[in-house]
Structures are given as structure tokens and as C-alpha cells.
Participant: 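The structure is given below, and queries will be raised subsequently.
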There are 2 protein chains.
Amino acid sequence: MRKSSSTNLENELLINGNCGMAYTLDLIGGRWKPSILYKLLKGSTRYSQLRKTMPAVSERILILQLRELESDGVISRTVFPEVPPRVEYQLTDLGKSLEPVLRVLSDWGDANRV
Amino acid sequence: MRKSSSTNLENELLINGNCGMAYTLDLIGGRWKPSILYKLLKGSTRYSQLRKTMPAVSERILILQLRELESDGVISRTVFPEVPPRVEYQLTDLGKSLEPVLRVLSDWGDANRV
DNA sequence: CGCATAACTTACATTTATGTTAGTACTATA
DNA sequence: TATAGTACTAACATAAATGTAAGTTATGCG
């Protein structure tokens, strides 16, 4: 009989509940999330524009990362009822509050990367 | 014939090379790394002490995370030639320079977690 | 009609991260 | 001689993240 919940998931929840650092990292830690957030810091951006600036990501993965950021409340999605469709993504207030966090991460990386 | 390098890895290298934020996140982003770093901010710590404060992690995984932090230059490992053995882990200068980064991540998480 | 466009979705495949269990080397001490 | 303590390693197993390729919807335009 299989375990109803994996130790892996249990540990994730345990750590995120105990450690603010781990919680924050979990929100912004996907492969393409930093790049997405970096773009959105500059303002509302269309899906097609995100794709252009990140040509290496596949559509499925980009959408997945956007959906996760959205369900975590960091970004929001606005659909304009036009044809062809237009969808814009933007930071929520919560997302905007991440700006200093993102900047510190970015600066440290730029200063220390080899 | 298999590809000699996975797109997954290629993308990781690409992003880490372009985005300081992603680079930093990659260094500190393992499951148990935030907890380890948080402990080490308070000073040099024995392996057995780390284990006690993180009872949920298995030995293999803890060692893996420590080895990665070590090979990334964030922590160092000191062996005392005693029996039974004593091994202490401590932040390197690079690791210490992460302190403000870790603090910002921690504070944001504590303030915004539900 | 047939094609183009934007923003997706679906089904499938691979790679990476994480976890489990048991065992090892060394020696002081009982 | 047997046991305990410390810091591991090895072999195996599972879960999660990421990637590929093709299809979908809706409509304006030639």
C-alpha cells in the first residue's frame, strides 16, 4: 500500500511552515520565475512579449510558471476580449512587495557569479 | 542517440549566466539549504548538531546538501582528527556575504506567509 | 474558403531532486 | 571481546520538475 502523502511533500510543508526563507524561495524558485518577475518589475507585459524575451522556454513550461505565480498571488492575469486574444500579466501588490527581495538576490548574484 | 547535454541543464546554465537572481537562487535553493545556512549564521556547527536540529532530513540528503554548499564555496568543512570523529561546518566569507540576502528572504517570508 | 494570429491545452517523455535502508571505519571504553 | 559513538557511503526507489511535439479556439482578412 502506498503512502497517502509523500515524505517529500511533508518535508516541504514542514520547512515552509518553520522557515520564512524557505517559504520565499519556494514562491520564486522555479526555473523561469526569476526571469518572469524581472520582466514584470518593469510593468504589465503580454504573454507574447514574455515569450519573445525568453525564447528558450517552451510554451507549456512558461504557462506553468505563470500559473504557479498567479495561484501564489504574486502576479495577476488580465484578459482583453479581443481577437486575436491579448493577455497581460502584472505584479500584484504582493508581487510588488517582493521588489527589494528580488533586487538583493539579483545584486548578490551579479556581484558574485564567476 | 542521446543528446550529450539535456536541454534542462542547458537552460539552467543559460539562465544562471544571464540572471543574477537565478544564480543566487540556485546556490541557496535546495530543500534543506535554507535551514542549514540559517543555523550556520550563528556560528560553526558540528554535523551531529545539524542532524539534531533537523530530525526530518535523512543523512544522505543532509550530506548532499552540505557537499553542494561546500562545492559552491558557501560553506567549508573542518575535520578534527579525534576519535570519535568531529566535523564542523562553517560559512566561508562568501557565505557570510549572503547574510543580508538570507535575512531579506527570511523577513519577507515571515511577514507574508499565511 | 483558407490562412494567419495569440494564447493557450494535451499527451507523452526525460531529467533532476529527494528519500529509504543498510552498511562502513575508526578506536576508546566497559 | 563486545559495544558505542561519529560521520559518513552505497545501492536502491520514488516524486517532482522540466521539456517536446502537436493540436485547439476564435475570428478577421484576402
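As the structure is a computational prediction, the values presented were derived from the model and not from experiment. Convention: sequence-line order gives letters A, B, ...; per-chain numbering from 1. Below, each value reflects all heavy atoms present in this structure, side chains not excepted, and no hydrogens, waters or symmetry copies.
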Participant: Could you walk me through whether Gln49(B) and Tyr89(B) pass the side chain to side chain donor-acceptor pair (under 3.5 Å) test, one step at a time?
Facilitator: CA-CA 10 Å; Gln49(B) 189 56 31; Tyr89(B) 291 91; over 6 Å; no

Participant: Which is it for Thr24(A) and Asn112(B) under the side-chain contact (heavy atoms from CB on, under 4.5 Å) test, yes or no, and what are the steps along the way?
Facilitator: CA-CA 9 Å; Thr24(A) 308; Asn112(B) 294 98; over 6 Å; no

Participant: Say whether Leu9(B) and Met54(A) are linked into one hydrophobic cluster, either directly or through other cluster members, by side-chain heavy-atom distances under 4.5 angstrom.
Facilitator: no

Participant: Could you measure the distance from the CG atom of Leu40(B) to the CG atom of Leu50(B)? Nearest 0.5 Å is fine.
Facilitator: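 Interatomic distance, Leu40(B) CG to Leu50(B) CG, rounded to 0.5 Å: 6.0 Å.
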
Participant: Looking only at heavy atoms, which two atoms of Leu14(B) and Ala56(A) are closest? And how far apart?
Facilitator: CD2-CB, 3.7 Å

Participant: Please state how far atom CD1 in Ile36(B) lies from atom P in dT18(C), giving the value in whole angstrom units.
Facilitator: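 Value for this atom pair: 11 Å.
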
Participant: Starting at CD1 of Ile63(A) and ending at C1' of dG19(D), how long is that distance when rounded to a whole Å?
Facilitator: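 Distance check: Ile63(A) CD1 to dG19(D) C1' gives 15 Å.
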
Participant: Among dA16(D), dC8(C), dT18(D), which is the nearest nucleotide to the side chain of Leu9(A)?
Facilitator: dA16(D)

Participant: Return whichever of Arg67(B) or Asn8(A) has its heavy-atom-nearest nucleotide of DNA chain D closer to the 5' end.
Facilitator: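 Upstream on the strand: Arg67(B).
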
Participant: Give a yes/no answer on whether the side chain of Gln65(A) brings an N or O atom under 4.0 Å of OP1 or OP2 in dT18(D).
Facilitator: yes

Participant: Between P on dT15(C) and CG on Leu13(B), what's the gap in Å once rounded to a whole number?
Facilitator: 15 Å

Participant: Which residues in residues 24-33 of chain A have at least one heavy atom lying under 4.0 Å from any atom of DNA chain D?
Facilitator: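 Contacting residues: Arg31(A), Trp32(A).
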
Participant: Could you state the atom-to-atom distance from CZ of Arg86(A) to P of dT25(D) in whole Å?
Facilitator: 24 Å

Participant: Quick one: Leu62(A) CG to dT10(C) P, roughly how many Å, whole number?
Facilitator: 17 Å

Participant: For Leu66(A) and dC8(C), give me the distance from atom CG to atom P, rounded to whole Å.
Facilitator: 8 Å

Participant: Which letter, B, S or -, goes with each nucleotide of nucleotides 23-30 of chain C from 5' to 3', with contact meaning a protein heavy atom under 4.0 Å?
Facilitator: ----S---

Participant: For residues Trp32(A) and Asn11(B), determine if any side-chain heavy atom of one lies less than 4.5 Å from a side-chain heavy atom of the other.
Facilitator: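 A side-chain contact under 4.5 Å exists here.
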
Participant: Between Ala56(B) and Glu68(B), which residue's closest nucleotide on DNA chain C lies nearer the 5′ terminus?
Facilitator: Glu68(B)

Participant: Measure the distance from CD1 on Ile61(A) to P on dA11(C) and round it to the nearest whole Å.
Facilitator: 16 Å

Participant: Does Tyr89(B) reach a base, just sugar-phosphate, or nothing at all? Heavy atoms under 4.0 Å.
Facilitator: sugar-phosphate

Participant: So, for Tyr23(A) and Asn16(A), which heavy atoms are closest and what is the spacing to 0.1 Å?
Facilitator: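 Nearest heavy atoms, Tyr23(A) then Asn16(A): N-OD1, 3.7 Å.
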
Participant: So what does Glu12(A) hit on the nucleic acid, given a heavy-atom distance under 4.0 Å: a base, only sugar-phosphate, or nothing?
Facilitator: nothing

Participant: Rounded off to whole Å, could you give me the CG-to-C1' distance for the Leu64(A) and dT10(C) pair?
Facilitator: 12 Å

Participant: Give, for atom CG of Leu25(A) and atom SG of Cys19(A), the distance between the pair rounded to the nearest 0.5 Å.
Facilitator: 8.0 Å

Participant: At less than 4.0 Å, is any side-chain N or O atom of Thr7(A) found next to OP1 or OP2 of dT20(C)? Yes or no.
Facilitator: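 Thr7(A) to dT20(C) OP1/OP2: side-chain N or O found under 4.0 Å.
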
Participant: For the side chain of Arg60(A), counting heavy atoms from C-beta on, which of dG19(D), dT9(C), dG19(C) is nearest?
Facilitator: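 For the Arg60(A) side chain, the nearest candidate turns out to be dG19(D).
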
Participant: Checking all strands, does Ser58(A) fall into the base, sugar-phosphate, or nothing category for heavy-atom contacts under 4.0 angstrom?
Facilitator: base

Participant: Testing Glu88(B), Gln90(B), Arg46(B) one by one against Thr78(B) for a side-chain hydrogen bond (donor to acceptor under 3.5 Å, both in side chains), which residue passes?
Facilitator: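 Of Glu88(B), Gln90(B), Arg46(B), side-chain hydrogen bond (donor to acceptor under 3.5 Å, both in side chains) with Thr78(B) is met by Gln90(B) alone.
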
Participant: Find the distance between CG (Leu62(A)) and CG (Leu66(A)) and round it off to the nearest 0.5 Å.
Facilitator: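 If we round to the nearest 0.5 Å, Leu62(A):CG and Leu66(A):CG are 4.5 Å apart.
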
